[in-house]
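Here the structure is laid out as structure tokens; the discussion comes afterwards.
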Amino acid sequence: QDRRAASQGDYDEQDRRVKGAEVFVGGLPRSATEGTLREIFSTCGEIVDLRIMKDQNGVSKGFGFVRFAERECAYIAKRQKNGIELQGKRLAVDLSLDQDTLFFGNLCKEWSAEEFEELIHKTFKDVISVDLATASNLDSSTSKRRLNRGFAFVRFSSHGAAARVLRIGSRTDFMLGGILHPAINWAERESNVDADEMAKIKTAFVGNLPANANEEYLKKLFGHFGEVIRVAVSRKGQYPVGFIHFGSRSELDNAIKEMDGKTVSGPNRGPSFKIQVSVARPAVENDNKRSREEVKTRRSNVSGGKPDYSHGRYGHDSVERQTKAPRLSNRVADVTDPYEAALNSLPSAVNELLLRILRLGIGSAYDIDIHCIKSLSELPESGAVAVLNQFLITGSDKRNKGEYFLSLIAKRKVEAFGAAQILQDTTYLSRNSEIQTKRYRHQDYDYTASG
DNA sequence: GTTGAGCGTT
């Protein structure tokens, strides 16, 4: 047990060291194994972790990840291996997105940013940053204490650290600050569902069910938590999953608290299993039936607008999401206005985000002046999107918004510049040969250990 | 061909 604790600690150390050192490998032939990957990439530097993603049946999905001991190795891997052929297929090698940020929803709106940050630091380790969505001017009419918007983004020192928190935090008894069960997810995997809507969800998602679980069985299990309006079992996947519609949110919260992670006996006193209960994801509304025009009007009439779950740190939000996102503006473009022209010259995703910030009053055209926009346009689209998302969340309570906006841009530019330097730096080639001759003991880390 | 688990029907 001590050894396990120690190795967990080492793992965290390792995690931190190798940040940014992972490559994504796409275009793998189905037959390629992890051994194949290792063979290919071991010439780039020391590999500390590598995996090929597979479906439930263990069939390769055709892509994988290789994590190196050093960041430089990832660049080398990209240079050396991107586009090479493997069994007739062209490999795609790029720096991995290496997600390390979690979305926290269903938070207590009374928490101040400071309180929440402290709470997060007390509850989890390896926290890098905490961004609680603060109120924009939505509630400016009320004189009472400013409420937060009920969601936050928390960044961790590594994917592994974030994944552990996701595991722990989506479990059971897990109550943040002892009072609520937060909705935790990977930050950029979420769609455009607003936090208020999320808090209204009264449906439980029930997972890890045995194959013979049915509606009746679930009804018996969950009936006494309150009013059960409807129970549904879906058998689309290889195991069934359940949905329990409760009469109120508190009944749902209680059911999660009591049931998630519990060992229960299966249907007809079948073998027992660990049931998993969580807040269901919001049902996807199908916009197809509704005309685009209707959507536009409906959305633009919502005063204040709604927060967006997509953190967009990497600015490559799915096209699907982009097309679903409310198309802004009944604005009449005035092309003679240089400010308007600068706005229009931005990529559409950037333009929309910026318009949203202006519309929500998180920043004004006075704060985000034409200089800011020019500076923003010098960033790659993904960087600009990231800056705007960051501003969207943290900008509203900043004193000098224009300065803050520019500082976010500057940070991005330094990052971009730094990366370019690394790529052009020839010294890493000689370092590479050093790395190759060094022999490290490869350690297998226990991903399943739950701190 | 960007994961890390799983999310449907009235």
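Residue numbers begin at 1 in each chain, while the letters A, B, ... track the order of the sequences.
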Would you check if [X] and [Y] make a side-chain contact, meaning some heavy-atom pair closer than 4.5 Å?
X        : Y        : result
A:Trp186 : A:His159 : yes
A:Ile184 : A:Phe103 : no
A:Val93  : A:Phe41  : yes

Assuming nearest nucleotide by heavy-atom distance, tell me which of A:Gln276 and A:Ala232 is located more 5' along DNA chain B.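 So the residue in question is A:Gln276.
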How far does the [atom1] atom of [N] sit from the matching atom of [M], given to the nearest Å?
N     : M      : atom1 : value
B:dG6 : B:dT10 : P     : 24 Å
B:dG8 : B:dG4  : P     : 16 Å
B:dC7 : B:dT3  : P     : 14 Å

Can you tell which of [options] lies closest to the side chain of [X]?
X        : options             : answer
A:Ser234 : B:dG4, B:dG6, B:dG8 : B:dG8
A:Ser96  : B:dT2, B:dG6, B:dG8 : B:dT2
A:Thr203 : B:dG1, B:dG8, B:dT2 : B:dG8
A:Phe205 : B:dG6, B:dT2, B:dG8 : B:dG6

So, OP1 or OP2 of B:dG1: does either fall under 4.0 Å of a side-chain N or O from A:Arg30?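 The answer is yes; a side-chain N or O of A:Arg30 sits under 4.0 Å from OP1 or OP2.
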Short side-chain N/O contact to B:dC7 OP1/OP2 from A:Lys236, under 4.0 Å: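 The answer is no; no side-chain N or O of A:Lys236 sits under 4.0 Å from OP1 or OP2.
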Is A:Tyr239 stacked on the base of B:dG6, with ring centres under 5.5 Å apart and planes under 30° apart?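 By the stated criterion, A:Tyr239 and B:dG6 do not stack.
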With a centroid cutoff of 5.5 Å and a plane-angle limit of 30°, would you call A:Phe65 stacked on B:dT3?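 Given the distance and angle limits, yes, they stack.
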base_contact_polar (B:dG4 base, A:Gln99 side chain, donor-acceptor, <3.5 Å):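 No such pair is found, so the answer is no.
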Expressed as a whole number of angstroms, how long is the span from [X]:[atom1] to [N]:[atom2]?
X        : N     : atom1 : atom2 : answer
A:Arg167 : B:dG6 : CZ    : C1'   : 12 Å
A:His159 : B:dT2 : NE2   : P     : 15 Å
A:Lys61  : B:dA5 : NZ    : C1'   : 10 Å
A:Phe273 : B:dG6 : CZ    : C1'   : 14 Å
A:Lys78  : B:dG1 : NZ    : P     : 19 Å
A:Asp100 : B:dT2 : CG    : C1'   : 14 Å
A:Met53  : B:dG4 : CE    : P     : 5 Å
A:His245 : B:dG8 : NE2   : C1'   : 8 Å

Under the salt bridge (charged side-chain N to carboxylate O under 4.0 Å, His left out) definition, can you give me all pairs with a residue in residues 86-96 of chain A, not counting sequence neighbours?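 Matches after skipping sequence neighbours: A:Lys78-A:Asp94, A:Glu85-A:Arg90.
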If the condition is salt bridge (charged side-chain N to carboxylate O under 4.0 Å, His left out), which residues does A:Lys54 pass it with, not counting sequence neighbours?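 Here the qualifying residues are A:Glu34.
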What are the two closest heavy atoms between A:Ala213 and A:Val233, and how far apart are they?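 For A:Ala213 and A:Val233, the tightest heavy-atom pair comes out as O-CG1, 4.1 Å.
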Contact class for A:Ala163 (heavy atom, under 4.0 Å): base, sugar-phosphate, or nothing?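 Nothing: the residue A:Ala163, judged by heavy atoms under 4.0 Å, touches no strand.
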